[in-house]
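To start, the structure under review is shown below, and the notes come after it.
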2 protein chains.
Amino acid sequence: MPYLLIVSLTITRILVIVKMTINTGVMPSLPPGTTTVAVAVDLVMLTVRDGVFSVLLITRGLPPYRGRWALPGGFVVDGEDLLAAAVRELQEETGVATPGGHLEQLGTYGSPRRDPRGRVISVAYLALLPETPVPAAGSDAMDARWTPVDKVLADRSLLAFDHHQIVAEGVERARSKLEYSPLAAAFCPPAFTIAELRRVYETVWGTPLDARNFHRKVTNTEGFVEPTGDTTTRDGGRPAQLYKRGPTNLLHPAMLRPDV
Amino acid sequence: MPYLLIVSLTITRILVIVKMTINTGVMPSLPPGTTTVAVAVDLVMLTVRDGVFSVLLITRGLPPYRGRWALPGGFVVDGEDLLAAAVRELQEETGVATPGGHLEQLGTYGSPRRDPRGRVISVAYLALLPETPVPAAGSDAMDARWTPVDKVLADRSLLAFDHHQIVAEGVERARSKLEYSPLAAAFCPPAFTIAELRRVYETVWGTPLDARNFHRKVTNTEGFVEPTGDTTTRDGGRPAQLYKRGPTNLLHPAMLRPDV
DNA sequence: GGAATAGTGTCTCTAAGACATTATTCT
DNA sequence: AGAATAATGTCTTAGAGACACTATTCC
C-alpha cells in the first residue's frame, strides 16, 4: 500500500484547509445550491456453486420493488469510504472478511430516474468468491439466495432498478478477467487442483476445455500458480498436485476464450 | 443503443411510482437521515500532440487548490445523467461534440476527505481524442493546456485533489486498451495511414515498433481497419493508403505490448 | 539518381489446439 | 483387474519478431 503517499496527501489537504481558513477567515465549503445525491453501493457477488456460475441476490424487504430480486447493497454512511462500504456489505452478506476472494470496483450507475425515491447513484463492486456457505438473510433483506447467472441474464425484468444491466456488465467483466488475470483462483479454495481451476473456466465461460492443453498452459504460464507440495484425491483417481495462486497479476501468455 | 430497453425500464419505473403512491398515499422517498454528497465529473482527456502523449489540464480559478493544475470537470447538475455531464464538460473544454473520439467511464473516487470543501465523490471519464486545436479556457478555469503525460506522472504533487491517481489509472487503461481494442484509431483523424496509427502506439506505449510487422498485423487483423480507397503523401515518400476504423470492438489477435 | 516512406516476403521460434500415451490412485 | 483421474508427450499450424527486399513518390 502507498502508505507514505496517503500520509503526504492527507498532510497536503490539511495544509490547504488551514491556509484557506487563514486567508478567508472561513472554512472552505461547497458552492451554495450544489446538487447532492444519495450514494448506494451494490455488490455483484459471483461464485461457482455445484458447477453453476451464480450471483447472490436478495429479495427486497422494503419499497420500492418490495419482494423483487435485487443485488445486495446499501447506502454509504457518513464519512465512509466507498470501498469500505463495499467490504461492509460483503461481510454483512457472507459473514466472512474477504475470504481469499477478490473485490474491485465495477462501475457507477447514475441515471437520474433509476430510483423512484429520488436521485440515487450506485457504485457497483464486483466480488469473485470461492464456494461459500449459504448466506444469512441481512437486515433489510427478506431472503438471500445464490441464483444461476444464466437465469438472471435471460430475464431482463427479474431484478429491481437497473440491476440487470449491472449484473450483465459484472459477468462480462469476470469472463474477460479470466483471460488476462489469474483471478480464476479467486473462485477456488486456498489450495486447488488444476482440474478444479479448469472447471472454473469451463463454468464461467460455459465452454468445455481440453484438460491436457489446459494443464500445460497453466503450469507453463509464469507466476500463474505455485505448487503447495501437497496432493489430494478428493476428485478420485490418481492424486492431484495442489496449487496456490502465484505472484503475477497479468497472464503471459493469456488464456484466451475459444472462438468468440 | 438499447432504446426499447430504456423505454421499457422507464415505463416500469413510472408504474412502480404510481403503484406505491396509490398503495401508501405518498410518493416513495428516501429514508430520513440518508447521507447525501455532491457528485463531480472529471475528465481524463488524452491525445497525441506533436508526437507527445498528452493530457488536458486546467489551472483552478477558484479555491480550493486555486492556481494548481487539475483535471477539467464540474458538478453534476440537477437531473443530469453522469454521461451527459461528461459530454457537457468535454464540449465546454474542446468546443467539439465528441469529434470522432472515444468516451468511457473510468472509475469513481470517493475517499471521504478527498475534497476539503466537504464530501464530494468524483466520477472520472476517460476520453481519447484526435489532435485537437488548442482548447479555450472554460468558465471556472484560468487556463487550459495539453501537458505531457510523463511529466504529470513523474510529479505526484503537481495536481490538485487525488487527480494524480486518476490520471495514472486513465493512462494505464488507455495503454491497455490499445492492446485489445481498435481504439488507437480514436487518437487519429477520420482517415489515417498505417504509419500514423503505428506512431500512436509508439507514443502511447513509449516503445518503438517494427514498421513492417506492425503493418502486417494491423492489415491481417479482421475488422481493425478498412481502406478508404484514397491515398496521401502527407508523410513524404511513396503514397500511403488511407484507412478508417473497422467494425470490430475487440482485436483478434491482440496487439500485445513488447516485453512487459 | 538519391532520399524518403510504403508495402511484401522469408525465416525462426513460440504457443495453441488436437489427440495419444503413461502414471497413480480406489474399489 | 478395471475404473477413474492426473500428468506428459507428439504433431500440426497460426502468429510474433527479426530482417531483406521491392515499390512509388518528391527533389
Side-chain angles (χ1 to χ4, degrees), chain A residues 51 178-180 182 184 188 191-202 205 207-244 248 250-260, chain B residues 51 178-180 182 184 188 191-202 205 207-244 248 250-260:
Chain A
L178 292 206
E179 297 193 292
Y180 305 112
C188 296
F192 50 87
T193 67
I194 302 290
E196 285 162 355
L197 190 67
R198 175 170 48 83
R199 279 190 284 275
V200 166
Y201 274 90
E202 292 177 329
W205 285 349
T207 318
L209 299 175
D210 184 280
R212 289 83 52 99
N213 292 334
F214 183 86
H215 192 283
R216 174 165 44 84
K217 281 169 72 170
V218 169
T219 52
N220 285 355
T221 298
E222 189 79 21
F224 191 174
V225 295
E226 286 178 350
T228 65
D230 296 328
T231 61
T232 182
T233 56
R234 62 189 175 216
D235 291 329
R238 171 177 170 180
Q241 291 273 350
L242 281 170
Y243 293 84
K244 59 181 176 183
T248 302
L250 212 59
L251 298 184
H252 282 285
M255 305 282 299
L256 296 176
R257 271 179 274 190
D259 20 278
V260 176
Chain B
L178 291 206
E179 296 193 294
Y180 306 113
C188 296
F192 52 87
T193 69
I194 301 291
E196 286 162 353
L197 190 67
R198 173 169 50 81
R199 279 190 285 273
V200 166
Y201 274 91
E202 292 177 328
W205 285 348
T207 318
L209 299 174
D210 185 279
R212 290 82 53 99
N213 291 335
F214 183 86
H215 192 283
R216 175 164 44 82
K217 279 168 74 169
V218 168
T219 51
N220 284 355
T221 299
E222 188 77 24
F224 191 173
V225 295
E226 286 177 350
T228 66
D230 296 329
T231 61
T232 182
T233 57
R234 63 189 175 213
D235 291 327
R238 169 176 168 181
Q241 292 274 350
L242 282 169
Y243 293 84
K244 59 181 177 181
T248 301
L250 211 58
L251 298 185
H252 283 286
M255 307 280 298
L256 296 176
R257 271 180 273 190
D259 19 281
V260 177

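Quick note on labels: first sequence line is chain A, next is B, and so on, each numbered from 1. Side-chain atoms are counted along with the backbone in the values below, which use heavy atoms only and exclude waters and symmetry mates.
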Can you pull every protein N or O that's under 3.5 Å from an N or O on nucleotides 19-24 of chain D?
residue	atom	partner	partner atom	Å
D:dC19	N4	B:Asn213	OD1	3.3
D:dA20	N7	B:Arg212	NH1	3.1
D:dA20	N6	B:Arg212	NH1	3.1
D:dA23	O4'	B:Arg238	NH1	3.4
D:dA23	N3	B:Arg238	NH1	3.3
D:dT24	O2	B:Arg238	N	3.4

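- Residue B:Phe192 contributes atom CZ, which lies 20 Å from atom P of C:dT5 at whole-angstrom precision.
- A straight line from NE2 of B:His252 to C1' of D:dA14 spans 15 Å, rounded to a whole angstrom.
- For B:Asp230, the side-chain hydrogen bond (donor to acceptor under 3.5 Å, both in side chains) test picks out no residue, with sequence neighbours left out.
- Residue-level contact check: B:Ala211 touches neither bases nor backbone, having no heavy atom under 4.0 Å from any strand.
- Atom CZ of B:Phe214 and atom P of C:dG9 are 19 Å apart (whole Å).
- A salt bridge does not link A:Asp210 to A:Lys217: none of the charged nitrogens lies less than 4.0 Å from a carboxylate oxygen.
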### Task
Take B:Tyr243 and B:Phe192 through the ring-ring contact (aromatic ring centres under 6.0 Å, His included) test and state the conclusion after the steps.
CA-CA 5 Å; B:Tyr243 293 84; B:Phe192 52 87; 7.1 Å; no

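- Atom C1' of nucleotide C:dG17 and atom NZ of A:Lys217 are separated by 9 Å, given to the nearest angstrom.
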### Query
What's the verdict on side-chain contact (heavy atoms from CB on, under 4.5 Å) for A:Glu196 and A:Arg234, showing C-alpha distance, side-chain angles and the deciding distance?
CA-CA 10 Å; A:Glu196 285 162 355; A:Arg234 62 189 175 216; 2.6 Å; yes

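- Side-chain atoms of A:His215 lie closest to D:dT8 of the nucleotides D:dT8, D:dA16, D:dA6.
- If you take CG of A:Leu256 and P of D:dG15, they are 11 Å apart, rounded to a whole angstrom.
- Mapping B:Thr219 and A:Ala254 onto DNA chain C by nearest heavy atom places B:Thr219 closer to the 5' end of the strand.
- Atom-to-atom, CZ of B:Arg257 to C1' of D:dG17 comes out at 18 Å; the value is rounded to the nearest Å.
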